[in-house]
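Below: the structure, in structure tokens.
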Amino acid sequence: MSTHRIETDYLVVGAGATAMAFIDTLLSETDAQIVVVDRQHRPGGHWNRAYPFVRLHQPSAFYGVGSRELSDWTKDTAGVNAGLYSLASGAEVLAYFDHVMQQRFLTSGRVLWLPMSDYSTAADGSHQVKSLTSGETQEIVVRKRLVDATHARTEVPSTHPPKYSVSSQVTCVPVNRLPEINRPYAAYSVVGSGKTGMDACIWLLENGTPPSRIRWIMPRDAWLLDRANFQPGADDFDTFVNSVIGQFEVMASIHSIDDLLPELERRGLLARIDTTVEPRTYRCAVVSQGELAQLRRIEGIVRMGRLRSIEQTQVVLDQGNLPADPDTLYVDCSAGGLQPPPNVPVFDGKRINLLMVRTCQPVFSAALIAFVESHVQDSSQQNALCQVVPSPEHPIDWLRMWAVNLANGARWAQNPKLSAWLGQCRLNFIAPIMRGVHKSDTAKFERLNVMGAKGREAAARLPVLMAQITQ
Ligand SMILES: Cc1cc2nc3c(=O)[nH]c(=O)nc-3n(C[C@H](O)[C@H](O)[C@H](O)COP(=O)(O)OP(=O)(O)OC[C@H]3O[C@@H](n4cnc5c(N)ncnc54)[C@H](O)[C@@H]3O)c2cc1C
């Protein structure tokens, strides 16, 4: 096979959401040439393999790339998200990224897009891109930096087989195939307690399945975020700001971290499906009150650890066996979603790692990293502005993430250019909210000052709380 050589300023590996947000900002802030490569045939990363009824979990208003709106700025009037700003469907997300690639990136004349191509580093450190169709290999010579946008390693049920065994006599499908149901089953078992499992349960209920016919195998309950607390409209300003102030007040006022989660729940800042069960995980899952109400209709929640095997008339779990109707449709939602990030800095020599620099905000983080790359020269200063927020797994990670958020936010505020950019970047969730706030609205600006002061109080208290973490 022949090898071609291409020179570029940046080689971006992966064309998922984070890569798209990074490239979009780099195009706006620099005149760099960029090559972007992905194994898939179109941009959007894991959204290409998501289940048909997937939607964003957070409002569309601050998802995607900085230069284009994704939201139509309407509120849903029906369904489980009623009263809240719309959530783009998976199909809408993919169409949006395709449009961004075609109409913004490619028309710029500065982006070379290599779909259906696999990136690898050769033994001599050179960058190789191999076409999955022709087998041809190209060497990419990178003048500035390689951008690794593959760290999410998003696992979805359609590509990751279940870790439990399944008898050949039972029907078990990945969540992607749920809408293919063409006859009623006596029972439905949803396996997996993450947001995908929640979506599957809600889909079944919305499509007429009686709650009594649904069994939900939930290895671990999770702490959840209420979507109503971060709505992007100016009319939601007070709710949003009060929720942030509330979080700061909790951090500043509690004496022991044992009081943290109960206090957050008491103030409506975290929620759980069953208030009598102690959640053992927190993964930034976002729900509406409508979704919570639906999920609470399911009484058959099985909390007996992980599923080990499905047999024709029983399921085997870590903590025992349960009888099962032979005519059960099992819906696998057990894939891990996002994986923990590697222990590397964002700016790593000739490499940029697209990791999160604000809690559970991957596209905002990628755009901010591109802005820092464009305007800050020194790598240690770049990394000081882009400390990596740990990915959430345990409930106490709520606090660990805030510690890095607050430290990053304080450094951003000291950089005038970055602060100005943050004020207009649509991916920075406060920016869309502020668009609708008039300069003369002194009461709202006063609340923002209060938020800043409370944030500083929380930051001052954090070392004491962090020292109490044993997990
Ligand atoms: C159901 C669901 C809902 C979500 N909702 C929201 C939301 O509302 N808001 C929000 O901010 N986040 C949300 N997220 C988080 C979401 O994962 C991120 O927003 C984002 O899509 C992750 O993008 P990524 O680019 O980091 O990774 P990915 O989407 O995993 O993309 C990585 C890409 O790299 C490619 N790749 C990997 N290795 C190579 C290689 N060697 N050569 C070539 N290509 C390679 C892969 O093919 C893939 O296309 C949601 C996640 C899920 C699963």
Side-chain angles (χ1 to χ4, degrees), residues 11-23 35-65 70-71 81 84-90 92-94 96-97 101 113-121 127-132 138 140 146-160 175-176 192 194-200 203 225 227 230 232 283-288 333 335-339 341 353-356 358-367 369 391-392 427-429:
L11 168 59
V12 180
V13 183
T18 56
M20 298 297 283
F22 178 91
I23 295 169
V35 173
V36 51
V37 50
D38 201 301
R39 289 175 184 143
Q40 302 194 64
H41 73 113
R42 63 181 170 187
H46 74 85
W47 294 101
N48 283 296
R49 302 186 198 281
Y51 39 102
F53 50 92
V54 73
R55 288 191 168 274
L56 284 176
H57 298 162
Q58 302 177 39
S60 314
F62 46 85
Y63 194 79
V65 303
L70 169 58
S71 177
N81 196 50
L84 303 179
Y85 279 93
S86 60
L87 307 167
S89 67
E92 286 171 322
V93 170
L94 287 173
Y96 169 88
F97 282 131
M101 176 64 83
W113 164 223
L114 301 175
M116 297 302 296
S117 299
D118 188 45
Y119 167 83
S120 61
T121 314
H127 306 296
Q128 306 287 324
V129 172
K130 184 176 179 181
S131 163
L132 295 176
Q138 320 208 52
I140 316 285
L146 175 104
V147 181
D148 189 340
T150 69
H151 289 302
R153 292 174 292 128
T154 317
E155 291 186 359
V156 293
S158 61
T159 54
H160 284 73
V175 62
N176 295 50
K195 186 66 173 73
T196 305
M198 294 179 210
D199 287 351
W203 185 93
L225 296 163
R227 196 175 297 124
F230 36 98
R283 304 204 76 192
C284 280
V286 183
V287 292
S288 64
C333 304
L338 304 184
Q339 304 307 302
N353 297 300
L354 292 190
L355 300 168
M356 272 185 252
R358 181 190 272 166
T359 300
C360 300
Q361 297 293 308
V363 289
F364 164 77
S365 299
I369 292 167
S391 74
L427 305 177
N428 177 26
F429 48 62

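In this chain, residues are counted from 1 in sequence order. Order of listing sets the numbers, starting from 1, for every ligand and every atom in it.
- Considering only non-hydrogen atoms, atom 22 (C) of ligand 1 lies nearest to H46 out of M356, M20, H46.
- Polar contact with ligand 1: absent for A152 (N/O pair, distance under 3.5 Å).
- The closest non-hydrogen atom to atom 44 (N) of ligand 1, taken over R39, R49, R42, comes from R39.
- Nearest heavy atoms, F97 versus M20: O-CE, 3.5 Å.
- For the ligand labelled ligand 1, residue W47 lies inside the 4.0 Å heavy-atom shell.
- Y63 places no side-chain N or O within 3.5 Å of a backbone atom of L87 that could act as its donor or acceptor partner.
- Residue A149 touches ligand 1 through its backbone alone, judged by heavy-atom distances below 4.0 Å.
- Atoms of ligand 1 found under 4.0 Å from any heavy atom of Q40 (numbered from 1 in listed order, with element): 47 (O), 48 (C), 49 (O).
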T150 vs Y119, test: side-chain contact (heavy atoms from CB on, under 4.5 Å). Steps then yes/no.
CA-CA 11 Å; T150 69; Y119 167 83; over 6 Å; no

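- Residue contacts with ligand 1 leave out S60, since none of its heavy atoms falls under 4.0 Å from the ligand.
- Of all heavy-atom pairs between Y51 and V175, the closest is CD2-CG1, 3.7 Å.
- Between atom 13 (C) of ligand 1 and the options F429, Y119, Y63, the minimum heavy-atom separation is to Y63.
- No part of F97 comes within 4.0 Å of ligand 1, judged by heavy-atom distances.
- None of V35, T121, V37, V36 except one satisfies the side chain to side chain contact (heavy atoms under 4.5 Å, CB included) rule with V13; the exception is V37.
- The aromatic rings of F230 and F62 sit tilted relative to each other, their planes meeting at an angle between 30° and 60°.
- For ligand 1, the atoms sitting less than 4.0 Å from at least one non-hydrogen atom of Y51 are 1 (C), numbered in the order shown with element in parentheses.
- Scanning both residues, G14 and A149, for their nearest heavy atoms gives O-CB, 4.3 Å.
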Going through the distances and angles, do Q361 and N428 end up as a side-chain contact (heavy atoms from CB on, under 4.5 Å)?
CA-CA 9 Å; Q361 297 293 308; N428 177 26; over 6 Å; no

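- For a threshold of 3.5 Å applied to N or O pairs, the pair formed by R55 and ligand 1 contains no separation below that value.
- The shortest heavy-atom contact between H46 and Q40 is N-NE2, 4.4 Å.
- The nearest non-hydrogen atom to atom 48 (C) of ligand 1, considering only T18, D38, V129, comes from D38.
- Taking every heavy atom of both residues into account, R283 and P392 meet most closely at NE-O, 3.6 Å.
- Of the polar atoms of R153, none of the N or O atoms is found under 3.5 Å from an N or O of ligand 1, judged by distance alone.
- Only the side chain of V54 comes within contact range of ligand 1, with a heavy atom under 4.0 Å; no backbone atom does.
- Proximity to G14 (heavy-atom distance under 4.0 Å) selects the following atoms of ligand 1: 33 (C), 34 (O), 35 (C).
- Listed by number with element, the atoms of ligand 1 under 4.0 angstrom from any heavy atom of T150 are 34 (O), 36 (N), 37 (C), 38 (N), 39 (C).
- Against a heavy-atom cut-off of under 4.0 Å, D118 is close to the following atoms of ligand 1: 40 (C), 41 (N), 42 (N).
- In A50, neither the side chain nor the backbone holds a heavy atom less than 4.0 Å from any atom of ligand 1.
- When each of P341, P362, S391, C284 is checked for a side chain to side chain contact (heavy atoms under 4.5 Å, CB included) with M356, only P362 meets the rule.
- Under a 4.0 Å criterion applied to the non-hydrogen atoms of P362, ligand 1 contributes the atoms 11 (O), 12 (N), 18 (C), 19 (O).
- Looking at every heavy atom in both residues, G44 comes nearest to L94 through CA-CD2, 4.1 Å.
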